[in-house]
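Worksheet: the structure to be examined is printed underneath.
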Amino acid sequence: MTLDTDDFLDIDDVTPAELDQLLDRAAAIKAGTDESRLDDATLGMIFEKPSTRTRVSFETGMTRLGGHAMFLGPDDIQLGHGEPLKDTARVLGRYVDVVMARLFDHADVETLAEYADCPVINGLTDEAHPCQTLADLLTIREAVGEDARVAWVGDGNNVGQSFVVGAAMAGIDVSVATPADYGMDPAVFERAAAFGADVEPTTDPKAVIGDADVVYTDVWISMGQEDLREEKLAAFDGFQVNESLLADTDADVMHCLPAHRNEEITDGVMESDRALVWEQAENRMHAQNALLVELLDDA
Ligand code: CP
Ligand code: NVA
């Protein structure tokens, strides 16, 4: 199988059938039954924001596939010192086989993809985090199965937006509770509707938790939003995923990490048997390796 798309900028750059096959390959790579190799391939990794999981999972993943990954932080390359993004893109495309970028502005990852003559993967922008969605869907497959019902509780952010669309593509029932002023882009629900999902967001976390198999949350203050801290903390009162909110449910809990313990999720919930967060983190590597193999097979 190969992918129709050259780049992976958000989850619906692939079709539902391709998503299903990516998850199958990720599971096989994890199980050791798919021994695909990317010998001598090089991944260039551009980071405008910090990262633990994305950096380490891509770098380790490339090593496991027989390739190599190169960390390009803001102080390491000329991009951080005035060289235009499109020039950086053109040059990188002459050296590396694939680029992964973590950038602020989603339009910038689109520019990168337009000018780089190699596949470009979105490693998180302010709008989207599709690699996280791949890992999340693999985790849900393993823990619950594909008839799962998932409640997103918290900020309508990049992780949530890609997840809602990806869940719709995978046939997972998803509901959304966010504060009124911090909801998802309405276009996200239209994209989910294109895959048959009818998502009506609410501002009441309790309303979505009742029949959920999984409750998914993320930080309230994303990278780059530090100036909004006080107003966001006030707006998210009642949205903490804690023992009280979960009192009447056996639902598992997901978080893309890093978690701000006792802010959006309690220490107790993080340490409880409900937490699927460590599987999610591990699955980043398996899911991304499947993606790398499929994208480079197609290049
Ligand atoms: N979930 C995630 O992308 O984590 P990092 O910010 O550590 O990469
Ligand atoms: N929403 C978070 C996700 C971090 C992986 C952020 O953008 O900071």
Side-chain angles (χ1 to χ4, degrees), residues 8-11 26 43-62 69-74 99-109 121-140 152-166 176-179 181-185 188 214-229 232-233 235-236 239-241 253-261 263-265 270 275-289 291-292:
F8 186 67
L9 307 188
D10 208 343
I11 193 71
L43 167 68
M45 306 190 296
I46 301 175
F47 283 94
E48 282 184 344
K49 307 184 190 188
S51 167
T52 297
R53 280 142 288 271
T54 303
R55 177 180 177 177
V56 178
S57 60
F58 267 106
E59 191 161 338
T60 308
M62 280 300 284
M70 193 185 298
F71 176 76
L72 306 167
V99 169
M100 184 278 293
R102 167 166 288 194
L103 306 175
F104 286 94
D105 189 346
H106 192 79
D108 282 347
V109 83
I121 297 170
N122 180 0
L124 181 147
T125 61
D126 289 347
E127 286 178 29
H129 197 2
C131 292
Q132 183 67 51
T133 303
L134 290 178
D136 297 341
L137 295 175
L138 181 60
T139 306
I140 291 167
W152 177 270
V153 174
D155 196 16
N157 65 16
N158 43 10
V159 172
Q161 295 196 141
S162 290
F163 180 76
V164 165
V165 177
V176 173
T178 63
D181 291 339
Y182 297 102
M184 296 183 184
D185 182 341
V188 165
V214 177
V215 176
Y216 193 173
T217 195
D218 183 21
V219 291
W220 295 338
I221 294 112
S222 283
M223 292 179 279
Q225 298 184 334
E226 292 76 12
D227 290 351
L228 300 176
R229 182 171 177 80
K232 288 195 88 171
L233 285 184
F236 282 82
F239 280 81
Q240 185 185 65
V241 175
V253 172
M254 289 175 48
H255 191 307
C256 67
L257 306 179
H260 293 175
R261 290 184 185 219
E263 205 163 281
E264 76 279 359
I265 189 167
M270 281 289 291
L276 300 176
V277 301
W278 317 117
E279 291 306 319
Q280 277 179 272
E282 178 183 337
N283 284 337
R284 287 291 302 275
M285 182 175 63
H286 305 303
Q288 289 159 192
N289 277 9
L291 176 67
L292 287 162

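Worth saying up front: this structure is predicted, and the values here are computed from it rather than measured. The first residue in the sequence is number 1, and the count goes up from there. Atoms within a ligand are numbered from 1 in the order they appear, just like the ligands themselves.
For the pair R55 and ligand 1, the shortest N or O to N or O distance does not fall below 3.5 Å. Checked by distance only, ligand 1 and M223 stay at 3.5 Å or farther apart across all their nitrogen or oxygen atoms.
Inter-residue side-chain proximity for D136 and Q280 is flagged as met; some heavy-atom pair is nearer than 4.5 Å. For the pair M100/T54, a side-chain contact is recorded, criterion being any heavy-atom separation below 4.5 Å from C-beta on.
For the residues C131, S222, P50, S51, the heavy atom positioned nearest atom 8 (O) of ligand 1 is part of S51.
Heavy atoms of R102 found under 4.0 angstrom from ligand 1 belong exclusively to the side chain. Neither the backbone nor the side chain of K49 has any atom closer than 4.0 Å to an atom of ligand 1 (non-hydrogen atoms only). Contacts between L124 and ligand 1 below 4.0 angstrom, taking non-hydrogen atoms only, are absent altogether.
Atom CD1 of I11 sits about 7.0 Å away from atom OG of S162, to the nearest 0.5 Å. A distance of 13.0 Å separates CD of E279 from CD1 of I140, quoted to the nearest 0.5 Å. Note that CD1 of I265 is 10.0 Å distant from CG of D218, once rounded to the nearest 0.5 Å. Between F47 atom CZ and F58 atom CZ the span is 8.0 Å, to the nearest 0.5 Å. For the atom pair N158 CG and L124 CG, the distance stands at 4.5 Å (nearest 0.5 Å).
Under the salt bridge (charged side-chain N to carboxylate O under 4.0 Å, His left out) criterion, E263 pairs with R229, sequence neighbours left out.
In summary, the atoms of ligand 1 found under 4.0 Å from a heavy atom of T52, numbered by their order in the structure, are 5 (P), 7 (O), 8 (O). Residue-ligand proximity, H129 to ligand 1, at heavy-atom distances under 4.0 Å covers atoms 2 (C), 3 (O). Annotation for ligand 1: atoms under 4.0 Å from non-hydrogen atoms of Q132 are 1 (N), 2 (C).
Within 4.0 Å of ligand 2, heavy atoms belong to protein residues L124, N157, N158, V159, D218, V219, S222, M223, L257.
Each of Y182, F239, F236 was evaluated against W220; a single residue qualifies, F236, per the ring-ring contact (aromatic ring centres under 6.0 Å, His included) test. With respect to M254, the side chain to side chain contact (heavy atoms under 4.5 Å, CB included) criterion is satisfied by exactly one of V215, V241, L276: L276.
Ligand 1 has no atom lying under 4.0 Å from any heavy atom of Q280.
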**Asked** Run the side chain to side chain donor-acceptor pair (under 3.5 Å) check on Q288 and S57 step by step: do they pass?
**Response** CA-CA 8 Å; Q288 289 159 192; S57 60; 3.0 Å; yes

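For atom 1 (N) of ligand 1, the nearest protein heavy atom (residue, atom name, distance) is L257 O, 2.8 Å. Atom 4 (O) of ligand 1 has R53 NE, 2.9 Å as its closest protein atom, hydrogens excluded (heavy atom only).
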